[in-house]
Structure formats: C-alpha cells, structure tokens
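The model shown is predicted, which means the values in this text are computed figures rather than measured ones.
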Amino acid sequence: FIDLLNSQPLRQIYGCPLGGLGGGTITRGWRGDFCRWQMNPGLYHYKAVVADQFTVCLRRKGQTVYQQVLSVERPSALQGWNWGFCGHYAFYHALYPRAWTVYQLPGQDVVLTCRQVSPIIPHDYQESSLPVGAFVWEVENSSGQDVEVSIMFTFRNGLETKEDRSGGHWNEPFVLEKDGCCVRGVLLHHCVPVNPYTLAISALETVRGTTVTHCTSFNPAGTGQDVWQDLLADGKLASPPGEAPPSEKGEACAAAVCATRVVPAGGHGTLELGLAWDMPRIRFGSREKEHHRRYTRFFGREQEACPALSHHLLTHYKAWEQRIAAWQQPILENRCLPPWYKSALFNELYFLADGGTLWVELLPDDAAALGAGQGLSQLLPVLREYGRFAYLEGQEYRMYNTYDVHFYASFALAMLWPKLELSLQYDMAAAVLNEDTQSRLYLMSGQMAQVKLRNVVPHDIGEPDDEPWQRLNAYLIHDTAGWKDLNLKFVLQVFRDYSFTGDAAYLQDMWPVCQAVMDSELRFDRDGDGLIENSGFADQTYDAWVVTGASAYCGGLWLAAVCVMCRMAEIMGSGEVLQKYAAILARGSAAFERLLWNGKYYNYDSGGGPSSDSVMADQLAGQWFLRACGLGEGESEVFPRSHVLSALRTIFELNVLGFAGGTMGAVNGMRPSGVPDTSSVQSDEVWVGVVYALAATMIQEGLVQEGFRTAEGCYRTVWERLGMAFQTPEAYCQRRVFRSLAYMRPLSIWAMQLALEQQAGRGPRAPAGKQAGTPARP
C-alpha cells in the first residue's frame with residue numbers, strides 16, 4: 001500500500017485531469033500530452049502516450065498552408081508527423097474543472113484556444129459521475145482571408161503497455177444522431193481479462209458548419225505517414241466504413257477523428273471534440289467481486305455507453321460550464337480574495353476525482369451483509385441512493401478513506417457533495433460496529449494484534465489491491481486501535497455534517513455510534529482527570545512523531561469531541577449523557593490548561609521530554625473543528641479565547657515567519673528558541689493540508705491577514721517554486737525534500753472558504769433545539 005523504495009519522481013508536467021468523480025481519470029498535461037492515467041481503480045500509469053495528440057491543419061484557397069502537431073515533443077515514433085511546436089507560442093491556464101490552452105500559430109494570424117471541461121458540478125450526483133471531458137476549440141482568424149480549420153484528435157487503443165500488444169483490441173466508427181444533434185467518432189475497444197474498457201473520441205457535426213471525418217485504425221508504432229498525408233491532402237480524413245479487424249498479437253492500433261469548418265476573415269469559429277471512456281464493471285486486486293461504477297445507473301453496465309456518453313457530453317457541456325461559472329464566479333469576482341487563493345481553492349479539488357476515486361453502486365450481497373445496519377436506519381437507503389464513495393489517502397499511499405486524513409480533507413466533500421460525505425460516514429459507522437478478529441504482525445512494534453476491534457474507528461476501508469469495504473485497515477505500520485485521534489475525529493465529523501445538513505435522521509443514527517466510540521476512547525484517560533493521555537508512541541495522524549502524556553493535539557481533539565457530545569446530548573434530549581460529558585469536560589478542560597498551557601501556547605505534550613515544549617502548528621485542531629461547527633465561542637467555549645489568540649500569534653511568529661522567512665507556510669514543530677523541531681521527520685516537515693487548516697483557524701479567530709499569509713507560503717512553494725501542479729504533496733521540508741505526491745489532506749483549503757463564509761454570515765451554523773431545522777447549505 002506504500003512503496004517506500006520506489007516513490008514517484010517529481011515530474012513538472014501535469015495539468016487539469018479529465019473526468020467526473022469515481023469513473024477514472026485521464027490527465028492532460030500543460031504541454032498538451034495525455035500523461036497520467038487512472039483507469040483501473042486506485043492504480044496509476046504515469047506515461048505520456050505519444051499518439052494521443054491534437055493536430056491542426058489550415059487550408060486557404062483549397063491549399064494546405066499549415067499542419068502541425070500541437071506538442072513541443074519530438075518522439076522517436078510517428079516521425080512522419082510535424083512535431084516540435086514552439087512552446088513560446090502556447091499558454092496554459094487551469095481552474096479546475098476547466099483548463100485553457102492557447103496556441104498562437106506562427107505566421108498564420110490564427111489563434112486557437114482549447115477549452116477543457118469536465119462535469120464536476122457541486123450538488124449534482126448524476127453529471128458529476130460521468131467519465132468524460134470536452135475539448136472546445138475556439139478559432140480566431142485575424143487574417144484577411146477565410147481559412148478552413150481542421151482539428152484532428154488521435155488516440156491510441158491502450159496506454160503503451162504490454163496489454164496493448166496482447167492482441168484482440170479493435171476500433172469501430174459510430175454515429176449517434178439524437179434531438180437534432182449528430183455526434184460522430186471512433187470507439188476503441190480495449191479487451192483485457194480484468195476491467196476491459198472502451199474509449200471514444202468524437203466530434204459534434206453541425207449543418208452548414210462543422211464536418212466530422214475519421215480514420216478507424218492506424219499504427220501508432222510506425223511513422224504515421226498514412227494518416228498524416230490523408231489529412232494534409234484535403235484537411236479531412238478518409239472515413240472508411242465498418243470496423244477495423246482486431247489487432248494481432250504484438251500489434252498496436254490507434255484511431256483519429258477530425259472536425260473541420262471554415263472560419264471567415266476576421267471572424268471566429270468553434271470546433272467541439274470529446275473524450276469518453278466506459279469501464280462499467282470493475283474488480284479490485286482480490287477479484288472477488290464485480291462492482292458497478294456510479295455512472296452505470298444512467299448509462300448502463302454493458303460497456304456500450306460510449307456513443308451515448310459522447311453525445312451527452314457534446315450536447316451538455318455548455319450547460320455544465322454555466323453551472324460551473326455560477327458556482328465559481330462569486331469567489332473569482334471577490335476582490336478581497338487574493339488571486340493565488342482562488343487558484344488554490346479550485347485547483348486543489350482535482351484530488352476528489354483524481355485520488356484513485358471510487359463511486360460504485362451498493363451490491364446486493366453487500367446490502368445483505370450490512371443487514372439492518374445494527375440500528376443505522378438510513379444506512380441502506382443512503383448507500384442505495386447515493387452509492388459508496390472512497391478516495392485514496394494519496395496516489396502513492398494507496399489506502400481508501402484514510403480517516404485521520406479525511407478529517408482535514410472532508411470539508412471539500414461536505415460543502416460541495418454533502419450526500420457523498422454522509423454516505424462515507426455511514427460506511428464508516430458500519431465499520432465501527434464490526435470487527436475482524438484475524439491477528440497480524442504490525443511493522444513498528446513487531447507485535448501481533450487483531451486487525452479491527454469493535455467500537456473503534458478503522459484507519460481506512462482497504463486498498464485497491466485487495467477488496468475495499470470488505471477488508472479494512474490496509475495500514476499495518478502501527479496498530480491503530482490504540483490511536484487517540486480516530487474515534488474523536490468521527491464524533492467531530494458527525495456533528496459537523498449534521499450542522500451543515502440539518503439531517504435529523506442522520507444524527508439519530510450516529511448518536512449511538514458516537515457514544516460507543518467515546519466509551520471506547522475513555523480507556524485512554526488512565527488517571528481519571530477528564531483528559532486522555534498519549535502512550536509514548538506515535539499514536540495519531542503524526543505517525544512518526546512520538547507523544548507522551550497529555551498532548552495539545554489529541555487532548556484538544558478530545559475536549560472538542562466531549563463538547564460536541566454535550567451538544568448532541570442536548571439535541572437528542574439525553575440528560576444523563578449530557579451530565580456525564582459535561583462533568584468530563586469541566587475536569588478535562590482544567591487538566592488541559594494546567595498540564596499544557598505555558599502562558600503563550602499549549603505545549604506539544606506533558607511528557608517532560610526534550611521536545612515537550614515545542615510549538616505545534618496543529619495544536620488548535622479541536623478549536624478549528626468546533627468553530628467550523630458553529631461552536632467554540634460564548635457558552636460553548638472550550639479553550640479560552642485569549643489562549644487561542646496567543647497560541648495562534650505564537651505559531652505565526654515562530655512556525656510561519658520564523659521558518660524560511662515566512663515563505664513556505666508553517667513547519668509542524670518549532671522550538672521556542674526559533675529553530676525547527678528535528679526530533680522526528682514529521683516535526684521538521686510542512687504539511688500542506690495542516691497549513692490550510694491552520695489558516696482557516698486564524699480566519700475563524702479574526703486573524704485574516706495572518707491566515708492568508710500562512711497559506712500563501714504553501715501555494716507559492718507547491719504550485720510555483722516546485723512546479724507540483726495537480727500533485728500537491730503531503731509534506732515538504734525547507735531544503736525542498738518532499739513526500740507523498742498527490743495527497744488527500746490539502747483539500748482542507750475548503751475549510752478556509754468555510755471560515756470566510758461564516759465570517760460573512762453565509763456559512764452553516766449549528767442547528768438549535770432538539771430537532772434539526774432547514775438544511776444549511778454552505
């Protein structure tokens with residue numbers, strides 16, 4: 001699940017990924033190459049496929065005057081093509097889920113703008129699931145002559161792997177005319193024993209406008225001269241009828257679609273092309289079960305959906321763009337927000353689709369196994385209606401729904417697709433109530449222990465090489481049954497989700513589960529002072545940073561969870577539980593202040609070790625979550641406001657401004673003397689997702705400029721200095737060593753947006769009274 005010896009190298013090539021949530025993704029880099037593939041769930045292929053290109057052909061007065069592959073590359077294959085477009089004449093912009101590539105064609109007085117669109121639409125649980133992407137080519141002809149413009153889209157049947165040459169792959173043209181719109185293209189059927197799929201390249205044909213032609217099959221390993229000359233001759237392709245024969249063993253095949261139209265002198269024109277893929281039935285590494293992706297609910301499970309997907313894509317992308325603009329525009333037009341923040345806020349969302357994301361239908365066998373859900377009345381209704389959702393901790397850390405990290409990332413899901421957050425939470429609740437009595441060896445301790453205990457939140461719900469949801473806790477570095485943060489993060493997220501949605505049935509279901517995990521957590525309060533203690537090991541999300549005794553991080557989360565239990569007990573009308581946790585809160589708060597407050601900030605822990613008085617950037621995680629839920633101030637104040645402000649200012653002074661000149665975010669641990677805490681690899685790191693959460697906390701407490709200054713350091717480091725676009729890592733150090741590219745936690749930047757909306761009076765607040773009111777939409 002983590003290959004520590006073969007981490008992915010930093011390749012500064014990636015762009016905005018294509019595709020919706022849970023159907024796989026294909027990434028087109030900023031240089032124009034299709035270079036990252038996540039077709040099989042949770043597994044990645046990092047390679048630019050040479051044949052996957054756009055080519056432009058210009059004709060004036062019946063003669064071809066310009067034909068060029070729109071790529072800067074000069075590969076060894078397809079040498080019959082005109083490669084090496086000068087990058088000086090091309091520009092790339094991305095604002096997920098859209099991207100723009102602008103090509104100024106030298107000497108032609110023609111500018112092409114390729115607009116890339118994927119159906120990532122908040123609160124839409126149908127369109128957002130579709131495995132498609134549109135390429136809308138806007139042509140500006142500033143010359144004094146009409147010009148016939150052709151855009152040829154070529155694509156290989158496969159990913160340049162051994163599978164491509166196994167034989168039996170085949171291509172066929174298709175036409176789908178519906179509702180007065182005609183889409184033409186080629187289907188590329190990739191026939192493999194496990195997880196076969198079909199790709200479709202297509203274009204929209206219009207009356208007295210765009211003409212669409214195709215080449216059913218050509219050899220992508222050859223010179224490519226045949227398809228190149230076909231286009232060069234008249235700006236169109238030959239469009240042979242019928243399907244191509246299946247590829248022989250050792251043979252590769254590719255296809256092409258060409259859209260052509262005349263653009264008048266001084267005028268504009270549009271050419272609309274699309275990419276769709278259909279892998280409806282998937283098996284994980286265990287091959288035990290066949291799952292059906294979410295989009296199959298709308299387009300079928302028989303691997304015949306590509307024509308309909310292509311038609312839907314090319315006839316609906318305009319409506320998608322309007323809805324995306326309506327969502328993004330208020331933020332983009334807000335002059336109070338810095339440009340870098342707008343870029344980070346939307347572009348970090350790439351991971352919701354490109355994080356090995358699963359969105360599958362609930363299988364009948366799984367529904368039967370879940371049964372009545374052990375008292376979770378809405379478990380089956382929610383999973384049946386919205387499916388099961390999961391995403392990886394990171395593209396290199398292949399564990400699904402890693403819960404200690406989802407705690408940070410979940411704001412994006414809860415604010416934009418709240419039903420998927422509830423689905424994920426129901427799955428987690430069912431997992432809490434189950435156990436796996438199998439014993440296994442844990443790597444750090446060298447001891448055998450049970451895989452999963454009852455009434456304990458699992459670390460994750462499995463890995464793609466096995467069978468997610470059926471076998472939990474792929475993580476076996478530590479026995480996470482002893483971790484102090486997982487149970488607390490479940491309780492906090494339950495109440496956060498309720499405060500966002502006002503879903504009374506959800507809270508009713510989760511209330512007994514919250515009581516069970518808190519009762520389980522109470523065993524960590526060994527001295528009865530109302531505050532849990534850490535074990536002297538790395539027993540929380542900072543799994544290489546040892547913590548002993550009472551701690552700012554876990555102790556703060558504990559007090560926040562106890563506060564939330566009091567609030568939920570009030571809503572549920574449970575006086576006995578309220579009395580129990582109110583007493584714990586009173587004792588625990590006093591112990592927390594006595595053991596950890598040093599007059600300026602909360603010490604890392606109370607263990608008395610060399611680093612116990614370090615300044616932890618994440619020491620106020622409990623307060624952050626309380627404020628996100630509409631608590632943490634006034635009558636619900638857990639941490640004295642003066643202490644919160646003092647701690648934040650200390651963190652800003654030492655962890656932010658005192659680290660790399662304030663240009664790289666907040667280091668996790670800083671010594672009071674002003675040097676980073678090097679007691680562990682993680683204390684010496686910057687965690688991007690933690691920094692965004694810290695910035696959100698600052699904004700919540702009125703330190704808005706400090707919050708933006710803190711977060712800006714991460715954005716500038718990741719997206720600009722290190723060129724890590726669309727692969728934001730978990731961590732980096734001052735010396736620019738990084739760890740775990742493309743990671744879940746940075747989605748926490750949406751907590752910053754929530755804090756801003758709450759300040760403006762637009763964000764959700766905790767529902768009052770015993771019953772939920774109208775759902776509050778962020």
Side-chain angles (χ1 to χ4, degrees), residues 16-25 95-99 115-134 136 179 274-278 280 292-300 305 308-332 345-355 357-362 381-391 409-426 497 500-503 747 750 753-754 757 762 764 775-778:
C16 204
L18 289 148
L21 305 177
T25 48
L95 197 65
Y96 187 77
R98 297 175 292 170
R115 196 165 75 251
Q116 176 183 310
V117 185
S118 292
I120 298 294
I121 304 168
H123 306 285
D124 188 315
Y125 299 90
Q126 176 172 329
E127 305 294 80
S128 296
S129 72
L130 303 183
V132 297
V136 185
D179 301 328
L275 177 64
W277 55 99
D278 184 22
H292 305 124
R293 296 193 191 264
R294 166 72 175 186
Y295 75 88
T296 62
R297 174 176 296 201
F298 316 108
F299 286 88
L309 282 168
S310 300
H311 191 280
H312 189 82
L313 163 67
L314 292 174
T315 56
H316 285 74
Y317 78 85
K318 291 180 182 177
W320 298 343
E321 285 189 294
Q322 290 172 355
R323 296 173 66 189
I324 292 167
W327 159 45
Q328 294 185 340
Q329 214 61 35
I331 294 171
L332 298 178
L345 183 69
F346 292 113
N347 283 330
E348 290 291 4
L349 282 176
Y350 84 96
F351 195 82
L352 276 183
D354 203 21
T357 310
L358 301 175
W359 191 359
V360 296
E361 298 288 358
L362 179 66
V382 167
L383 295 185
R384 284 182 175 134
E385 177 62 25
Y386 295 103
R388 296 183 118 169
F389 184 86
Y391 57 154
S410 61
F411 283 88
L413 206 60
M415 293 172 70
L416 303 175
W417 289 273
K419 299 297 186 181
L420 293 184
E421 168 66 10
L422 297 190
S423 169
L424 187 156
Q425 287 284 80
Y426 269 108
D497 297 341
F500 281 19
T501 65
D503 190 328
L747 286 166
W750 278 85
Q753 183 61 24
L754 175 68
E757 291 179 7
R762 298 192 304 272
R777 177 171 292 181

Side-chain touch R323/D124, heavy atoms, less than 4.5 angstrom
yes
Under 6.0 Å between the ring centres of F298 and H312?
no
Looking at every non-hydrogen atom in both residues, tell me the closest pair between P280 and G300 and how far apart they are.
CB-O, 4.2 Å
Taking all non-hydrogen atoms of both residues into account, name the closest pair between V132 and P119 and its distance.
O-CD, 3.6 Å
side-chain contact (heavy atoms from CB on, under 4.5 Å) evaluation trace for S423 with L383
CA-CA 6 Å; S423 169; L383 295 185; 3.3 Å; yes
Would you mind reporting whether L358 and R388 have side-chain heavy atoms less than 4.5 Å apart?
no
Report yes if some heavy atom in the side chain of L313 is under 4.5 Å from a heavy atom in the side chain of L130; otherwise report no.
no
Does the side chain of P418 reach to within under 4.5 Å of the side chain of F500, using non-hydrogen atoms?
no
Can you check whether T25 reaches L18 side chain to side chain, under 4.5 Å on heavy atoms?
no
Rounded to the nearest 0.5 Å, how far apart are CG of L309 and CG of L275?
10.5 Å
I want to check something: taking the side chain as every heavy atom from C-beta on, are L345 and I331 in contact at a cut-off of under 4.5 Å?
yes
Return the minimal non-hydrogen interatomic distance between S118 and P17, and the atom names on each side.
OG-O, 3.8 Å
With side-chain contact (heavy atoms from CB on, under 4.5 Å) as the criterion, how do R294 and F389 come out once you've worked through the C-alpha distance, each side chain's angles and the decisive distance to 0.1 Å?
CA-CA 9 Å; R294 166 72 175 186; F389 184 86; over 6 Å; no
Is the shortest side-chain heavy-atom distance between Y391 and L424 below 4.5 Å?
yes
A side-chain contact here means heavy atoms from C-beta on lying under 4.5 Å apart; do L420 and W359 qualify?
yes
Rounded to the nearest 0.5 Å, what separation is found between the CD1 atom of I121 and the CD1 atom of I324?
5.5 Å
For the residue pair C16 and A99, what are the closest heavy atoms and their distance?
CB-CB, 3.8 Å
Nearest-0.5 Å distance, CH2 of residue W320 to CZ of residue R98
14.0 Å
Salt bridge (charged side-chain N to carboxylate O under 4.0 Å, His left out) evaluation trace for E361 with R297:
CA-CA 8 Å; E361 298 288 358; R297 174 176 296 201; 2.8 Å; yes
Shortest non-hydrogen contact from E348 toward L747:
O-CD2, 3.2 Å
Return the NE2 to NE2 distance between H316 and H311, rounded to the nearest 0.5 Å.
9.0 Å
Could you tell me whether a side-chain N or O of W750 sits under 3.5 Å from a main-chain N or O of S410, the two making a donor and an acceptor?
no
Tell me if the aromatic rings of Y295 and W277 count as close, with their centers under 6.0 Å from one another.
no
Would you please test L352 and Y96 for side-chain contact (heavy atoms from CB on, under 4.5 Å) and show each step?
CA-CA 11 Å; L352 276 183; Y96 187 77; over 6 Å; no
Could you report the tightest heavy-atom contact between L422 and D503, atom names first, then the distance?
CD1-OD2, 3.8 Å
Assess whether a salt bridge exists between E385 and K419, defined as any Lys/Arg side-chain N lying under 4.0 Å from an Asp/Glu carboxylate O.
no
Within the side chain of W417, is there an N or O that forms a donor-acceptor pair under 3.5 Å with the backbone of A412?
no
Distance-only, no hydrogens or angles: does the S128 side chain make a donor-acceptor pair with backbone N or O of Y125 under 3.5 Å?
no
